[in-house]
Participant: 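Here it is, the structure in full.
Just so you know, ligand 1 is whichever comes first in the structure, and atom 1 is the first atom listed for that ligand. One is the number of the first residue; the rest follow in order along the sequence.
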Amino acid sequence: MNLLTPPARSADGSFPEGALVAVLTAQPLDRLLDYKAPEGGCVPGSYVEVPLGPRTVIGVVWGPGRGDYDYARTRAVGRVLDLPPMPEEMRDFLERAGAYTLTPMHAMLRLATRAPGLGEDAGTVRLLVPGGPEPARMTDARRKVMDALGEFDGQPVTRAELSAAAGVTSSVIKGLLDAGTLAEVERPRDPPYAPLDPDRPGVELTEAQEHAAIDLRAKVRGGGYGTTLLKGVTGSGKTEVYLEAVAECLRRGRQALVLLPEIALTSEFVARVERRFGAKPAEWHSGVTGTERRRCFRRVAEGQARLVVGARSALFLPYADLGLVVVDEEHDPSYKQEDGVLYNARDMAVLRASHARAQVILASATPSLETWVNAKEGRYDRLVLGSRFGAGELPMMRAVDLRRERLEPSRWIGPTLAEAMRERLDRGEQSLVFLNRRGYAPVQVCRACGHQIGCHQCDARMVEHRFRKLLMCHQCGETRPMPAECPECGVEGKLAPVGPGVERMAEEVAERFPEARVAILSSDLYGSARQLKAEIEEIAKGAADIVIGTQLVAKGHNFPLLTLVGVIDADLGLQGSDLRAAERTFALMRQVAGRAGRMGAGGVALLQSAQPEHPVIKAILAGAEEDFWAAEAAERRAIGVPPYGRMAGIVVSSPEMHEAYGLAEEMARRDEPLRRAGAELWGPAAAPIALVRGRHRVRLLVKADRGVPIQAAVADWLSQFRWPATTRVSVDVDPQSFL
Ligand code: ADP
Ligand code: ZN
């Protein structure tokens, strides 16, 4: 068909063949592109393949075309993909989220189409499965394949995925197929998920739990938008209660999403869903294969996948009818995406739900201050589960004043804590030693010249990882072998570790308690989430007497035999200028303490501190949560920072220091659009970490009253400037940290 003018849009809103449509793609263009609708037409939201230069890319029909280009030369949409169109609610959400985070729409669409092979037809796919015994000849490469297959733990995996995950060539995989160790089967793509049965009996709820469940069920039944803070100490049954809301959502025939802050927690949760609803939910996170992600995307779009458990990016799946979003451990800093699109999944969950007319449940023992204020001011409802389920008691919390403890040099466990640990060991109970620092020692100092070993590319010191025998930069991940001589003065044998990391704590524990079985829980010591999970399960069953852990242990794992938590340095998080230092320390200490005595063994938490009179430490000990939040809120209100004021952090970075400063200073000079809107600009100043991966970083901070539309003002202001491709400007609305 060759028309001279485009046909009009149909009355039902669809676009007949030849009509002009505007298509959004994930390519870095600053506008939508006009195409002609293909044979059979398309509708707003259709996923399409379009020609772009010499390539074919995936896009979404966003609305009618602009028609400001020669119609005869406008190219046609290649084809409409076999997927339900993206709902209007989701398109609106992406636009609002993009406007809120000042993210261009092509980047928002990339976030929303992150499943491989979306353009391919359903059909069948060839998958690898275990086929027989291990081959007689086991090479290193073959072992890697077997390990990778184990990692996938029964998930469907293609040849390409397996060879990429194992880091081997496809010939190794072929060898294993020939040997019969692997077999290849042809399966239909994207099989439906097994149905979940909401009416299987759950646990018998306590009165407080039932009260909360009744409230949440009614909200889900109501069918509109609302956000509820579900607050209760660890172990009070928040998960049991929100699963009741999930059950109600399933009964209504709508979809539910549960966000977890840590992939290591998913398998425990999936098992719980299976016990409760008789089948597994769909999973969406970085540990899931591409084949499985594609299945999830498609089945979510069709409305067939009814419960998704996932990481923050699961918010950007094209739900057909989203009825409930649960954000578990809503205070967790990992909900803030810190690179690429800078967004906070908790806030985006609320935004998405308000578009989808869904309910949000924010679950936490220690809510973020933002959520606490929203609940206080009535924007969110609030349900509180008072005590722990069953005999579980919150541990007794005590400070150990480090100024009065006699610590030997290079020792961090004081006599008080050591004695408490000794008692547990004698009684056959578990202790947890908490230190939020990975590695062996945070600094290496040369005792000859005083030099501290730093990263070549970052303004950071190299951390010693003794297990792995190397130095690592925690900013950029660069590693180096541990040198024998000082890189500065060349003297040999004078480098000494200063300060403790968890590996060094393990050394101290082993020396003090040689008979104890010691386990370290630190994210870098395990090759994979699966190994980590296996280790956690072993520990929970009693495989260790003393557990040494980083913040990883604070996140919702169950350790029933644990009766003592010793915090090595409760002051650690209070240093530095971070706005949220107090809030984070408060949450972290309470979470860590919550690991003790979960099953009613009467736990104790000892916090070693050099400043036990610090208001935050006092609030932690007293458990005076409401007072703590009220005081924190008052302080933030007084200085006009979030949630009482609005902020946006700008980082200008460049390999050339003068370029970064040049642009930042020009930005500061031309701040008229900000001032006009009622916002102030602070800076520029070197960022707290002034060099990362060889890029010099300069910070500016925009601050305004709560009522100021800060995004529009910042967009307006930034539109004045041009910068070379080597310079980057990142904008972080509602920054979590000031690094
Ligand atoms: P939270 O999410 O607040 O940490 P959970 O829901 O995980 O708490 O509950 C802690 C433990 O107590 C879980 O093993 C859970 O199954 C159990 N539990 C909670 N409430 C009940 C109940 N009413 N009956 C039986 N077991 C319960
Ligand atoms: Zn570095």
Participant: Could you tell me whether the side chain of R346 and the main chain of H331 form a donor-acceptor pair under 3.5 Å?
Facilitator: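 No, R346 side chain to H331 backbone: no donor-acceptor pair under 3.5 Å.
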Participant: Has R517 got a side-chain atom pairing as donor or acceptor with G542's backbone, closer than 3.5 angstrom?
Facilitator: yes
Participant: On a heavy-atom basis, I'd like to know which of E240, E207, R276 is closest to atom 15 (C) of ligand 1.
Facilitator: E240
Participant: Near S236, which atoms of ligand 1 are under 4.0 Å from a heavy atom of that residue?
Facilitator: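 In order of number, 3 (O), 8 (O).
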Participant: Under 4.0 Å from ligand 1, counting heavy atoms only, is it the side chain of T239, its backbone, both or neither?
Facilitator: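 Contact part for T239 vs ligand 1: both backbone and side chain.
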Participant: Classify the ring geometry of Y242 against F269: parallel below 30°, tilted from 30° to 60°, perpendicular beyond 60°.
Facilitator: tilted
Participant: Of all the atoms in ligand 1, which lie at a distance below 4.0 Å from a heavy atom belonging to L205?
Facilitator: 23 (N)
Participant: With heavy atoms of V233 as the reference, note each atom of ligand 1 found under 4.0 Å away.
Facilitator: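 In order of number, 3 (O).
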Participant: Between K231, E210, K238, flag the one that comes closest to atom 3 (O) of ligand 1 by a heavy atom.
Facilitator: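 Ranked by closest heavy atom to atom 3 (O) of ligand 1, first place is K238.
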Participant: Could you work out, for atom 6 (O) of ligand 1, the closest of E329, Q209, R272 by heavy-atom distance?
Facilitator: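 It is R272 that holds the nearest heavy atom.
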Participant: Would you please classify the geometry between the F297 ring and the W284 ring as parallel, tilted or perpendicular, with 30° and 60° separating the classes?
Facilitator: tilted
Participant: Taking distance alone, with N or O pairs closer than 3.5 Å, would you say G232 contacts ligand 1?
Facilitator: no
Participant: Within a distance under 4.0 Å of any heavy atom of E204, pick out the atoms of ligand 1 and give their elements.
Facilitator: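 Contacts of ligand 1 toward E204, numbered from 1: 22 (C), 23 (N), 24 (N).
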Participant: Cut-off 3.5 Å, side chains only: do T266 and E283 have a donor facing an acceptor?
Facilitator: no
Participant: Are R295 and Y193 in a cation-pi contact, defined as NZ or CZ under 6.0 Å from the six-membered ring centre and within 45° of the axis?
Facilitator: yes
Participant: Would you say the side-chain atoms of R438 pair up with the backbone N or O of V502, donor to acceptor, closer than 3.5 Å?
Facilitator: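 No; judged by distance alone, with no hydrogens or angles, the pair does not exist.
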